[in-house]
Asker: 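Sharing a structure below in structure tokens format, with a few things to ask.
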Amino acid sequence: MSPAPPQPRGRIRPMLAVGDLVLSALWVCAGALVKLAVYGPLGLGGRPEGDAVKIALSILYMFVFAWLEYATGGASYYPLTVLAATLSSGGGPAVYLFTAFVRIPTQVIGAVLGVNLIQLAFPKVGKGARLSVGAHHGALAEGLATFLVVMVSVTLKKKEMKSFFMKTWITSVWKNTIHILSSDISGGIMNPASAFAWAYARGDHSTFDHLLVYWLAPLQATLLGVWVVTFLTKPKKIEEPDADKDKTKKE
């Protein structure tokens, strides 16, 4: 995952929603195709070599999606990156509403369409990651994973790193690391749109466990991550030299 180019402050661009729709559909298809390749033609499922191939291919297509985000001027497949960028940019109420009620729902619709498409083309693709622990344990794992990913994403955005390669490399490796650590607990999805799309295909998208683990926990973690980075990177106030203060008092 690469931080999307920031949306201009106070400006709403409806065409971003179209890009969000397309990229979200392509994102779920890309992840499913990697798994199909590893467990199918390559025959490496359940082996360490298979995990290495999945990581390498994941990093590769993350670079492709990072370039697509840049080429489209800020479209994204990742609701939490869009939300974090909006919150940290101070775009105003109109931009917040556009993100919450247009862009994020569009990303969810795109992910659902992508899952339907990949299942239609490859019926044996599976049904996505599932929660393997209790809801509260899963919410803690998914929330912590999201918090760590959002912190790195927002930090890189605030530092305005100019190197596309380094920025994408850092976020891709970091996200894959967090995904591996949390995959046995909650699937390590860290993407409410993708999680909803696979849950919708299974028919359990409206359960309490799904809403808590894959929506409430990541959203709260995103808000906390943005606040923490903003607090830690806030510029310090430069105090007036004592001589200037004395001069001001005399005047």
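Values in this document were obtained by computation on a predicted structure and should not be read as measured data.
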Asker: To check you understand the geometry: which heavy-atom pair defines the closest contact between D209 and A135, and what is its length?
Answerer: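 The answer is OD1-CB, 3.3 Å.
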Asker: Looking at every non-hydrogen atom in both residues, tell me the closest pair between S186 and V213 and how far apart they are.
Answerer: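 The pair with the smallest heavy-atom distance is CB-CG1, 4.3 Å.
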Asker: Please tell me whether T99 and T86 have a donor and an acceptor in their side chains that are separated by less than 3.5 angstrom.
Answerer: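 A pair is found: one side chain offers a donor N or O, the other an acceptor, under 3.5 Å apart.
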Asker: Supply the atom-to-atom distance I118 CD1 to L33 CG, rounded to the nearest 0.5 angstrom.
Answerer: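 With rounding to 0.5 Å, CD1 (I118) is 4.0 Å from CG (L33).
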Asker: Just wondering, more than 12 heavy atoms not from W169 lying within 6.0 Å of its CH2?
Answerer: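 No - once you tally the heavy atoms of other residues, nucleotides and ligands closer than 6.0 Å, there are 12 at most.
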Asker: Which heavy atom in P14 sits nearest to a heavy atom in F98, and how many Å separate them?
Answerer: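 Looking at all heavy atoms of both residues, the closest pair is CA-CZ, 3.9 Å.
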Asker: Between L232 and V149, is there shared hydrophobic-cluster membership here, with clusters defined by ILVMFWY side-chain heavy atoms closer than 4.5 Å?
Answerer: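 Yes, same cluster.
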Asker: Would you say that F65 contacts L26 through its side chain, given a criterion of any heavy-atom pair below 4.5 Å between the two side chains?
Answerer: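 Yes, side chains in contact.
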Asker: Are F165 and F63 close enough that their ring centres sit under 6.0 Å apart?
Answerer: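 For F165 and F63, the ring centres are under 6.0 Å apart.
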Asker: With rounding to the nearest 0.5 angstrom, report the CD1 to CG distance, I104 to D20.
Answerer: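 Separation between the atoms: 9.5 Å.
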Asker: Starting from the C-alpha separation in whole Å, work towards a yes-or-no answer on side-chain contact (heavy atoms from CB on, under 4.5 Å) for I55 and I180.
Answerer: CA-CA 9 Å; I55 293 172; I180 292 170; 3.4 Å; yes
Asker: I'd like to know if the side chain of R13 and the backbone of G73 have a donor-acceptor N/O pair within less than 3.5 Å.
Answerer: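 Such a contact is found between R13 side chain and G73 backbone.
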Asker: Determine whether V28 and L117 fall in the same hydrophobic cluster, where Ile, Leu, Val, Met, Phe, Trp and Tyr are linked whenever their side-chain heavy atoms lie under 4.5 Å apart.
Answerer: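 Per the 4.5 Å side-chain linkage, V28 and L117 are not co-clustered.
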Asker: Exactly one of T233, T81, V229 should register a side-chain contact (heavy atoms from CB on, under 4.5 Å) with V154. Which one does?
Answerer: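 Among the candidates, only V229 passes.
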Asker: Same hydrophobic cluster for I178 and L140, using side-chain heavy-atom links shorter than 4.5 Å among ILVMFWY?
Answerer: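 No, because I178 and L140 fall into different hydrophobic clusters, even though each may have its own neighbours under 4.5 Å.
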Asker: Do the side chains of V53 and L57 get nearer than 4.5 Å, heavy atoms only?
Answerer: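 Answer yes - side chains close enough.
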Asker: Give the intermediate values and the outcome of side-chain contact (heavy atoms from CB on, under 4.5 Å) for residues W67 and T168.
Answerer: CA-CA 9 Å; W67 179 83; T168 307; over 6 Å; no
Asker: Please report the closest heavy-atom contact between G138 and L131, naming both atoms and the distance.
Answerer: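 Heavy atoms only, the tightest pair is CA-CD1, 3.7 Å.
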Asker: First locate atom CE of M166, then atom OG1 of T171, and finally report the distance between them rounded to the nearest 0.5 Å.
Answerer: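 The distance works out to 10.0 Å.
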Asker: Within the structure provided, determine whether V102 and T106 are in side-chain contact (heavy-atom separation under 4.5 Å).
Answerer: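 A side-chain contact exists here, since the closest heavy-atom pair is under 4.5 Å.
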Asker: With a 3.5 Å cut-off and no angle check, do the side chains of S24 and Q107 form a donor-acceptor pair?
Answerer: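 Distance-only check fails for S24 and Q107.
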Asker: Is the OH atom of Y200 crowded by more than 12 outside heavy atoms at less than 6.0 Å?
Answerer: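 Count not over threshold, so no.
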Asker: Establish, yes or no, whether a centroid distance under 6.0 Å links the rings of Y78 and W27.
Answerer: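 They do not qualify: ring centres at least 6.0 Å apart.
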Asker: With rounding to the nearest 0.5 angstrom, report the CD1 to CZ distance, I12 to R103.
Answerer: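 Separation between the atoms: 11.0 Å.
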Asker: Between H179 (side chain) and G188 (backbone), is there a donor-acceptor pair under 3.5 Å?
Answerer: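 Yes: the side chain of H179 pairs with the backbone of G188.
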Asker: Quick one: closest heavy-atom pair of P105 and A100, and the distance?
Answerer: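 Smallest heavy-atom distance, with atoms named: CD-O, 3.3 Å.
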Asker: Please check this pair: side chain of N191 against backbone of S194, looking for a donor-acceptor N/O pair closer than 3.5 Å.
Answerer: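 Yes; at least one donor-acceptor contact below 3.5 Å.
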Asker: Assigning hydrophobic clusters by single linkage (Ile, Leu, Val, Met, Phe, Trp, Tyr; side-chain heavy-atom cutoff under 4.5 Å), is M190 placed with I59?
Answerer: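 In one cluster with M190: I59, yes.
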Asker: I'd like to check M151 versus V226 (side-chain heavy atoms, cut-off strictly below 4.5 Å). Are they in contact?
Answerer: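 Contact flag for M151/V226 side chains = no.
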Asker: When rounded to the nearest 0.5 angstrom, what distance separates CZ in F196 from OG in S206?
Answerer: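 Answer for the CZ-OG pair, F196 versus S206, is 8.5 Å.
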Asker: Taking atom OH of Y96 as the centre, report whether more than 12 heavy atoms of other residues, nucleotides or ligands fall under 6.0 Å from it.
Answerer: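 Yes, because the 6.0 Å sphere around OH of Y96 holds more than 12 heavy atoms from other groups.
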Asker: Got more than 12 heavy atoms from elsewhere within 6.0 Å of CG, D184?
Answerer: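 No, the 6.0 Å shell around CG holds no more than 12 heavy atoms from other groups.
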Asker: Does L113 form a side-chain contact (heavy atoms from CB on, under 4.5 Å) with L21? I'd like the steps, not just the answer.
Answerer: CA-CA 9 Å; L113 293 175; L21 180 77; 4.2 Å; yes
Asker: Is it true that a side-chain atom of T146 and a backbone atom of E142 form a donor plus acceptor pair closer than 3.5 Å?
Answerer: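 Between the backbone of E142 and the side chain of T146 there is a qualifying donor-acceptor contact (under 3.5 Å).
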Asker: Heavy atoms only: give me the nearest P79-A193 pair and the separation to one decimal.
Answerer: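 Nearest heavy atoms, P79 then A193: CG-CB, 3.7 Å.
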Asker: Should the pair H210 and Y214 be assigned to parallel (<30°), tilted (30 to 60°) or perpendicular (>60°) ring geometry?
Answerer: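 The arrangement is tilted - the two ring planes meet at 30° to 60°.
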Asker: Side-chain contact, heavy-atom cut-off 4.5 Å: K167 with K157?
Answerer: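 No, every pair of side-chain atoms sits at 4.5 Å or beyond.
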Asker: Find out if a path of hydrophobic residues (ILVMFWY) with successive side-chain heavy-atom gaps under 4.5 Å connects V18 to I109.
Answerer: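 Each belongs to a different hydrophobic cluster.
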Asker: For the CG atom of N116 and the CG atom of L120, what is their distance to the nearest 0.5 Å?
Answerer: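 The CG atom of L120 is 8.5 Å from CG of N116, to the nearest 0.5 Å.
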Asker: Determine, step by step, whether F147 and V228 satisfy the side-chain contact (heavy atoms from CB on, under 4.5 Å) criterion, reporting the C-alpha distance in whole Å, the side-chain angles of both residues, the deciding distance to 0.1 Å, and the verdict.
Answerer: CA-CA 10 Å; F147 174 75; V228 169; 4.1 Å; yes
